[in-house]
Structures are given as structure tokens and as C-alpha cells.
Peer 1: 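Sharing a structure, written as C-alpha cells. Questions coming.
Per chain, numbering begins at 1; letters A, B, ... match sequence-line order. Below, each value reflects all heavy atoms present in this structure, side chains not excepted, and no hydrogens, waters or symmetry copies.
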Amino acid sequence: MVPFIAADNPIHHILDKPVSGAEHITLFGKPAITIHMVSLLIAAIVAFIVLRIAAKNISIGREEEGTDRYLTSGKLSSIIEVISLYMRDNVIKPVLGDETSKFLPYLLSLFFFILTCNLLGMIPFMDVQVTAAKLGWGSEIDWAVFGGTATSNLGVTLGLGIVSFIIIQLHAFKSLGIGGWAHHLTGGAPLYLLPIMLPIELMGLFIKPAALAIRLFANMVAGHTMLAVLMMFGMLAFKATGNWVLTGGVEVISTIAAVCISFLELFVAFLQAFIFMFLTTVFIGQMSHHDDEHGHAEAAH
Amino acid sequence: MNMFIASDSPVDVQLLTLGTTIVVFVIFFFLASKFVWPHIVGGLEQREQKLRDDLEAAEEARKQAKEALTQYEEELKKARAEAGEMIAKARQDAKAAAEELRSNNARELAELKNAATADIESAKKAAIGELHAETSTLAVAIAGKILQREISSNDQQQLVNESLAEMSGKIS
């Protein structure tokens, strides 16, 4: 078996795998427990614990603490506070206005959940487990129970997209009513354009969250594939030449490149979480009741 | 399919993964909505409220201080004006008192002067009277000696009167 870290196909690096030891558990002929599922769960737990600690630090303390009770303690809590404050005041409030407080918990949960998945994906948990298993007990297989980037799985991002879709449409029905919602679909176009507008707008309803899902998925896949390709160069050089010196040189260059790309990936991890959250905000905002009927609709399309 | 790979292609959507994502995320969302966001959002809002209250209180205190300063300045101005008035009045009173004193003195002086003049006048008159008597006696004696003869009392009286008239003309 080809060692996992240096797999022939870089795509294998980002593919989902069944959790080692649970390969036999299947549902509809597919593995029932995969490492992306476990990673997703771990990300949710980590995100919840970190946010819970931050919430304790950010909330106003007891009276006897004096004026210090108004200060946020802890660097991570301060970062989370700054991000939350920025998102609320500069991103969500300008779009949603009075409805900000209603959607703030969902949007911030979405952002921090995706961000945690993206950031955890940058830590090579899976490669460490595979290596440890091979070196530790000479495992024949690529032993791993969790790891990888959950958000590089289209199933995961589509799942998040579906939740956003449901939230957007529930809000649309509640805010506009069935009639308003249907009217919204025409985009304010003249009646004779309805045969064209209706199908386009109907498709648009589904395309928007799908685009969210695909954007996040594609960005995560691209970054990790690039990293996998860079890390493969050393092995390819060795296979082609058998020259250790040449392999070492290639390895040094590709490692430097991988480090640079990792910094880019770190940025992308934040950026994509932000974009997913921000576009969900915009889609919710489009489906809100506005006084300037349809002025926004044309701007949005 | 490779048994160690859950899906052969990255775009192969696993419904189970999709479902798991929805369940995990929705649970995460509900837990966060209950235990995280109310605290964070509440903390941020309380902090903002505290800042706003403190700023308003500071603004109010500044306004009060300014009002108090204006009031003090006005009072100070009033007190200064009052003090000025009092000084002016005191000066005026002192001037009036001095003036009164001066006029009293002048009056008393004039009275004293008048009294002295009257005294001098009466003394002068007395002296002149005495002088008349003495002079007449002396004149008679001298005349008697010179003439060596007795003169009649009519002649004597005439001589005395002439001498007195002459003397009065000389003295005055």
C-alpha cells in the first residue's frame, strides 16, 4: 500500500475516508462513519467550548470585581469579541438593520463553525495518525480516526448551504408572506417577462445556497490539493531520479512553497468563513420587507 | 471503489455526510444560541450601555460645572461691583465727614476770632478811657506847673476836652 502522506494522487489527500476500525459499518453501501464526520463533530465541540469560555470572559462580571468586570480577559476571548463586534456593526447591521439581533446568533454560529472546521483542517491530524500508526505498530493501512478539512467535503458544505437556504426561505415567508414572496420572484419585471423571470428566479433560490456551498468547498479543496501536490514533489523526484541530493533540493523548495501556501490558506480559512456568512446575510437581507420595493432586487441580481 | 476511501471523487456528495452536517450544525447552533451568544451579545450591549451612560454622565457633569462656573463668575462680578460701591460710599462719607469737620473748625475759628476781636475792642476802649483820665490829670498838672497859676475849673475842663480831642485824633 502506498503511504498515505505521499499518495500518488494528491486528490486522495482531501477525500473522505471511513474511520479506521469502522470500515465494516456501512449504510446504503457507503461507510457510515467517516473521518470528516468525526472532524465535523470535533470542530463543533471545539468551537462550542472556545466560544463558551469566550462568552464567560466577555459577559459583564460580578459587582465585587469593580470596573474590571467590564473588561474582557484572555486574548482569544478578545479576538472573538472583536470579530463578533465587527461582524455585528460593520457587516450584518448595515444589511439587516433592525433584524440584526434576530439573525446574529445564526450568522455568528455559522461563521465560527466554518472557521473552526477550516482552521482544524490546516492541522495535519490525519497525517500524524497515519505516520504514528505505521511507525508505532507497523500498521498496514492508513490508520486514522479523524482529521482532514471537513469543509473540503461537498456533502458538508451543501449541508450548511441547505441550513442557510431553510433560514433564508423561512424568513422570506415570514417577512413577505406567500404573496410577497411570489411577487419577489418576478423581480419587479413586466408581466410578459414572467415566463423567463419565474424559472430564473426559482432556480436562483437554489443556486444561491448551492453557490455558497460550492465556493467554500472549492476553495478548501484547491488549497489542500495544492499543498498535497507541493509535498509530493520530493517523492516524485526520488522516483524519477533516485538521487537523494536532488530529492533534498526539491523537498526544500517545495516545503518553503508549502509554508507560503499555508499562510495563504490561513487567510482563505477566515475569508471563506466570512464570505459564507456574509452572503447568507445578504440573501436574508434581500428577502426582507423593504420600503423601496424592488430597488434592491435589481441591484442584487 | 477503494475500500479505504469513502468517496472516489471530491464532488461525490455523500448524503450521510450531508445529513450529519445538518444535524451537527443545528445542534451546535442551538447550543450556541442558548449558552454562547446571549452572553456575548449581552456583554457587548451592557458594555456599550455603560460607555454611553458614562459619557452622558460626563457630559452632564461638564455642563453642570460650566453652569456653576458661570454662576460663580456672575456672583464674583456682583460682589466686586458691591465692594466698589461700598468703597465709593465710604470714600464719599469720609469726604463728607472731613468737609463737615472743616466747616465746623472754620466756624469755631471765626467765633473765636470774633470773641477775641470783641475782647480786644473792649480792652482797647477801657485802656483809652483810663488813658483819658490819666492824661487829663497829667495835663492839668503839667499845665499848672507851666502857667504857675490856678486855672478855673471851666478853663481846666476846656483844656482837658481840647487835649482829649487832640489825643483821640492822634490815636485813631
Peer 1: Could you label the plane-to-plane angle of the B:Phe25 and A:Tyr106 rings as parallel, tilted or perpendicular, counting under 30° as parallel and over 60° as perpendicular?
Peer 2: perpendicular
Peer 1: If we define contacts as heavy-atom pairs under 4.5 Å, which of A:Val221, A:Leu110, A:Ile45, A:Leu158 has the most with chain B?
Peer 2: A:Leu110
Peer 1: Tell me, for A:Ala32 versus chain B, whether the close heavy atoms (under 4.5 Å) come from the side chain, the backbone, both or neither.
Peer 2: both
Peer 1: With a 4.5 angstrom heavy-atom cut-off, could you sort out which part of A:Leu40 is near chain B: side chain, backbone, both or neither?
Peer 2: both
Peer 1: Let me know if A:Ala150 has heavy atoms under 4.5 Å from chain B in its side chain, its backbone, both or neither.
Peer 2: neither
Peer 1: Assess whether atom NZ of B:Lys34 is packed by more than 12 heavy atoms of other residues, nucleotides or ligands within 6.0 Å.
Peer 2: no
Peer 1: Can you tell me if A:Lys93 has over 12 outside heavy atoms packed within less than 6.0 Å of its NZ?
Peer 2: yes
Peer 1: Measure the spacing between OG1 of B:Thr21 and CG of A:Leu41 and express it to the nearest 0.5 Å.
Peer 2: 11.0 Å
Peer 1: Chain B heavy atoms under 4.5 Å from A:Val156: which part of the residue, side chain, backbone, both or neither?
Peer 2: both
Peer 1: List the atom of A:Ala55, the atom of B:His39, and the distance in Å for their closest heavy-atom pair.
Peer 2: CB-CB, 3.7 Å
Peer 1: With a 4.5 Å cut-off on heavy-atom pairs, point out which of A:Ala218, A:Ser109, A:Ala43 contacts chain B the most.
Peer 2: A:Ser109
Peer 1: So does B:Asn105 have more than 12 non-hydrogen atoms from other groups sitting under 6.0 Å from CG?
Peer 2: yes
Peer 1: Residues of residues 75-85 of chain A under 4.5 Å from chain B (heavy atom pairs)?
Peer 2: A:Ile80, A:Glu81, A:Ser84, A:Leu85
Peer 1: Determine the minimum heavy-atom distance between A:Ala44 and B:Val24, stating which atoms define it.
Peer 2: CB-CG1, 3.6 Å
Peer 1: Before you tell me yes or no, could you show the steps for B:Phe35 and A:Phe48 under side-chain contact (heavy atoms from CB on, under 4.5 Å), namely the whole-Å CA-CA distance, both residues' side-chain angles and the distance that decides it to 0.1 Å?
Peer 2: CA-CA 9 Å; B:Phe35 298 108; A:Phe48 180 74; 3.9 Å; yes
Peer 1: Just checking heavy atoms, which of residues 78-90 of chain B are less than 4.5 Å from chain A?
Peer 2: none
Peer 1: Quick one: do B:Phe28 and A:Leu51 satisfy side-chain contact (heavy atoms from CB on, under 4.5 Å)? Show the steps, please.
Peer 2: CA-CA 11 Å; B:Phe28 169 78; A:Leu51 287 174; 4.0 Å; yes
Peer 1: In chain order, what residues pass the ring-ring contact (aromatic ring centres under 6.0 Å, His included) check against A:Phe112, with sequence neighbours excluded?
Peer 2: B:Trp37
Peer 1: For chain A, which residues from residues 92-100 of chain B have at least one heavy atom closer than 4.5 Å to it?
Peer 2: none
Peer 1: Nearest 0.5 angstrom please: B:Gln14 CD to A:Leu154 CG, how far?
Peer 2: 10.5 Å
Peer 1: Go through the atoms of A:Leu104 and report whether side chain, backbone, both or neither lie under 4.5 Å from a heavy atom of chain B.
Peer 2: side chain
Peer 1: How far does CD1 of B:Ile40 sit from CD1 of A:Ile58, to the nearest 0.5 angstrom?
Peer 2: 4.0 Å
Peer 1: At what distance, to the nearest 0.5 angstrom, does OG of A:Ser101 lie from CD of B:Glu45?
Peer 2: 7.5 Å
Peer 1: For A:Met37 and B:Leu16: C-alpha separation, side-chain torsions, deciding distance, then whether side-chain contact (heavy atoms from CB on, under 4.5 Å) applies.
Peer 2: CA-CA 9 Å; A:Met37 291 181 193; B:Leu16 204 58; 3.8 Å; yes
Peer 1: Evaluate the side-chain contact (heavy atoms from CB on, under 4.5 Å) criterion for residues B:Asp12 and A:Lys30: first the C-alpha distance (whole Å), next the side-chain angles of each, then the deciding distance (0.1 Å), finally the verdict.
Peer 2: CA-CA 12 Å; B:Asp12 182 11; A:Lys30 300 276 185 185; 4.0 Å; yes
